[in-house]
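To keep things clear, I will list the structure first and then write my remarks on it.
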Amino acid sequence: MRYLIPVLFLLVTIRVSAQAVLDWNDLERGISWEEGSVDATFPGFLQAEYSEKLSSLEGKEISLIGYLIVLDGIQSIYMLSKNPMASCFFCGNGGPETVSEVFFDEKNSFKMDDLIMVTGILRLNRNDPSRTYYLIEKASAFGK
């Protein structure tokens, strides 16, 4: 019994250290854009250049806290935003680096503008103009 607490602490520590906890500054500072070439598939789409830190985290588990944005009435398309929808996240308070698409493994019960922590696999979008620059796949969320 006296070993139970240290073993549990060790297991929790290992689980937490296995993921990177990002904040919005990491995402804002970790991206720059270049004009796409005329020969590119989508010539008007700005080509994202990611920092070494973000590139090293691609395909790895990360956590990010933000406001849930629900993009459809049946709650199947989600984004995580630095700013709540009520603050007009898309009109002056942020750019494309302040939102991330989120793909949950299971349907959740969160509502628009809930402040949540999302944990999932980070994907960096370099080529698809119909998606955000950051995607979080296999996501789960924790919040109020």
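All figures in this text were calculated on a predicted structure; none of them were measured in a lab.
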Going by heavy atoms in the side chains, are Trp24 and Leu64 under 4.5 Å from each other? yes
Of the non-hydrogen atoms in Asp128 and Asn125, which two are nearest, and what is the gap between them? O-ND2, 2.7 Å
Find out if a path of hydrophobic residues (ILVMFWY) with successive side-chain heavy-atom gaps under 4.5 Å connects Phe103 to Leu27. no
What's the separation between atom CZ in Arg29 and atom CG in Leu54, rounded to the nearest 0.5 Å? 12.0 Å
Where do Phe104 and Ala141 come nearest, in terms of heavy atoms and distance? CE2-CB, 3.6 Å
Point-to-point distance, once rounded to the nearest 0.5 Å, from OH of Tyr78 to CE of Met112: 10.5 Å
Here the pair of heavy atoms bringing Val102 nearest to Ala139 is CG1-CB, 3.6 Å
Work out which heavy atom in Ile69 is nearest to a heavy atom in Pro84; give both atom names and the distance. CD1-C, 4.4 Å
Minimum heavy-atom distance Gly143-Ile116, with the two atoms named: CA-CG2, 4.2 Å
Nearest-0.5 Å distance, CD of residue Gln19 to CD1 of residue Ile62: 8.5 Å
Do other residues, nucleotides or ligands put more than 12 heavy atoms under 6.0 Å from the NZ atom of Lys111? no
Please answer: with hydrophobic residues joined when any side-chain heavy atoms are less than 4.5 Å apart, are Leu135 and Leu22 in the same cluster? no
Any side-chain heavy-atom pair of Leu115 and Ile65 under 4.5 Å: yes
What's the shortest heavy-atom distance between Trp33 and Ala48, and which atoms? CD1-CA, 4.0 Å
Between the OH atom in Tyr67 and the NZ atom in Lys82, the distance rounded to the nearest 0.5 Å is 11.0 Å
State whether the number of non-hydrogen atoms from other residues, nucleotides or ligands found under 6.0 Å of Glu35 atom CD is greater than 12. no
So CZ of Arg126 and CD of Gln47: to nearest 0.5 Å the spacing works out to 10.5 Å
Quick one: CD on Glu97 to CG on Asn25, what's the gap to the nearest 0.5 Å? 11.0 Å
Tyr134 with Ile121, same ILVMFWY side-chain cluster at under 4.5 Å: no
